[in-house]
Amino acid sequence: MAKLDQIPRAEKRDIAKKIKDNLSARAAKGPSEPALDAYVAECTDIVDALDAHVTGTVLAQAERTARLAQLAAADDAVDTWYRHLENYIGVESRRRVSPYALNAAAVYQAAFPDGLAHVDDPIADENRICRDALLAIRAPEHAATLAAIELPMIWLERWETALDKSDALLAEVEKARTDKRAHVGAGQDAETEWVELMVRLRRYVSSRAKRSDTARIQEGKALLAPLLDAMARLRAEAAARATRKENGKQETPPAEGTQG
């Protein structure tokens, strides 16, 4: 049998649905054939399983893509306030005649010992470092210095808000990634069950008709047409690949020095 596991998950679902519809129509028309009719329920179950994981993977990926765009905007806000505060306090610490320059330098060293070195770090790492910097700036011993250099305190609130939003979105992105992995894993299990079901069904349909029973043979082919068509396509694609490979070998010129 062609390698059915090569068929995409969504196509597996569609094949099972079409076969289920064919079997249901045959069962409704009769005559009753319990062993064959039982495959209707099996096809229904596998369609539901595959559909859940096809849809779930798509939705999880869409959710992750949307959250990544929002996360990029939130990270930009974190970077912006990181730069504003580092620059403001750094400028105050480098003033030549300010009575608060040394104190501002102490704040700067406590909050930004590496300057802006972490602005392009992974988001989780940068956020953690920024929160440490925010905590250092807000330390009670620096309150008088911040007031003296007239640091806009609203900047600290906006930085914290940006960090909160960034961390929340980062958690949502990770959840979407985990959800996608879960659907991929469960979907792979459903695909394995689909292959096993198709193999069993094809064998049963082949066994229910004698070679001389043309009508039943044709009925079986009609019932399994979605599967048989997919298998024929796989064989045709494999043959085409083999032909291209063989033609490629024939067209490859001999290596220099191999001819007499």
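Residue numbers count from 1 along this sequence.
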Shortest non-hydrogen contact from Leu223 to Asn22?
O-ND2, 3.1 Å
Shared ILVMFWY cluster between Ile149 and Leu134, side chains joined below 4.5 angstrom?
yes
Is the shortest side-chain heavy-atom distance between Pro31 and Arg26 below 4.5 Å?
yes
State the CD1-OH distance between Ile137 and Tyr108, to the nearest 0.5 angstrom.
10.5 Å
Might you work through the side chain to side chain donor-acceptor pair (under 3.5 Å) test for Ser166 and Asn127, ending with a clear yes or no?
CA-CA 8 Å; Ser166 178; Asn127 287 1; 2.9 Å; yes
Are the charged groups of Lys17 and Asp21 less than 4.0 angstrom apart, N to O?
yes
Please tell me if the side chains of Leu228 and Arg202 come closer than 4.5 Å, counting only heavy atoms from C-beta onward.
yes
List the steps, then state whether side chain to side chain contact (heavy atoms under 4.5 Å, CB included) holds for Tyr39 with Val205.
CA-CA 11 Å; Tyr39 281 99; Val205 171; over 6 Å; no
Transitively linked via ILVMFWY side-chain contacts under 4.5 Å: Ile217 with Tyr204?
no
Lys165 versus Leu71: any side-chain heavy-atom pair under 4.5 Å?
no
Would you call Arg200 and Glu42 a salt bridge, taking side-chain N to carboxylate O under 4.0 Å as the test?
yes
Sort out for me which residue in Ile46, Leu4, Leu227 forms a side chain to side chain contact (heavy atoms under 4.5 Å, CB included) with Ile15.
Leu227
Considering non-hydrogen atoms only, spot the tightest contact between Ala133 and Ala111 and give its length.
CB-O, 3.2 Å
In terms of heavy-atom contacts, Cys43 and Ala16 come closest through CB-O, 4.0 Å
Are there more than 12 heavy atoms of other residues, nucleotides or ligands under 6.0 Å from atom OH of Tyr88?
yes
For the pair Asn87 (side chain) and Arg83 (backbone), establish whether a donor and an acceptor sit closer than 3.5 Å, ignoring hydrogens and angles.
no
According to a 4.5 Å side-chain heavy-atom criterion applied to Ile, Leu, Val, Met, Phe, Trp and Tyr, with indirect links allowed, do Ile129 and Leu169 form part of one hydrophobic cluster?
no
If you draw a 6.0 Å radius around CD in Glu150, do more than 12 non-hydrogen atoms from other residues or ligands fall strictly inside?
no
Is there a continuous path of hydrophobic side-chain contacts, each under 4.5 Å between heavy atoms, that joins Trp81 to Leu170?
no
For Ser98 and Arg95, indicate whether the former's side chain and the latter's backbone hold a donor-acceptor pair under 3.5 Å.
no
With rounding to the nearest 0.5 Å, note down the distance linking CG in Asp79 to SG in Cys130.
7.5 Å
Show me, pair by pair, the donor-acceptor contacts under 3.5 angstrom made by side chains of residues 154-163, not counting sequence neighbours?
unit_1 : atom_1 : unit_2 : atom_2 : d
Trp159 : NE1    : Val78  : O      : 3.2
Glu160 : OE1    : Arg138 : NH1    : 3.1
Glu160 : OE1    : Arg138 : NH2    : 3.3
Thr161 : OG1    : Glu157 : O      : 2.9

Take atom CG in Leu116; do more than 12 heavy atoms of anything else shown fall under 6.0 Å from it?
yes
Which heavy-atom pair separates Phe112 from Ile89 by the least distance, and what is that distance?
CE1-CD1, 4.0 Å
Nearest 0.5 Å, please: how far is CD1 in Ile7 from CE in Met198?
9.5 Å
Please determine whether a side-chain nitrogen of the Lys or Arg among Arg131 and Glu126 lies less than 4.0 Å from a carboxylate oxygen of the Asp or Glu.
no
Using a 4.5 Å cut-off on heavy atoms from C-beta on, say whether the side chain of Asp14 contacts that of Pro226.
no
Please lay out, stage by stage, how Arg94 and Val91 fare under the test side chain to side chain contact (heavy atoms under 4.5 Å, CB included).
CA-CA 5 Å; Arg94 292 189 293 273; Val91 166; 3.9 Å; yes
Value rounded to 0.5 Å, distance of NE2 in His84 from CG in Leu151:
11.5 Å
Nearest non-hydrogen partners of Asp125 and Asp121, listed with the distance
CB-CB, 4.3 Å
Taking atom CZ as the centre, does Arg233 end up with more than 12 heavy-atom neighbours from other residues, nucleotides or ligands that are less than 6.0 angstrom away?
yes
Check the pair Lys20, Leu23 against side chain to side chain contact (heavy atoms under 4.5 Å, CB included), reporting the backbone distance first and the verdict last.
CA-CA 5 Å; Lys20 181 203 73 172; Leu23 292 173; 5.8 Å; no
Cluster question for you: counting only ILVMFWY and a side-chain heavy-atom cut-off of under 4.5 Å, with indirect links fine, are Leu197 and Val199 together?
yes
Does this structure show an ion pair linking Asp213 with Arg208, if we count only N-O contacts that are shorter than 4.0 Å?
no
Nearest atoms (heavy-atom pairs only) where Trp194 meets Lys12:
NE1-O, 3.0 Å
For Asn103 and His142, run side chain to side chain contact (heavy atoms under 4.5 Å, CB included): C-alpha distance rounded to whole Å, both residues' side-chain angles, the deciding distance at 0.1 Å, then the answer.
CA-CA 8 Å; Asn103 290 338; His142 298 315; over 6 Å; no
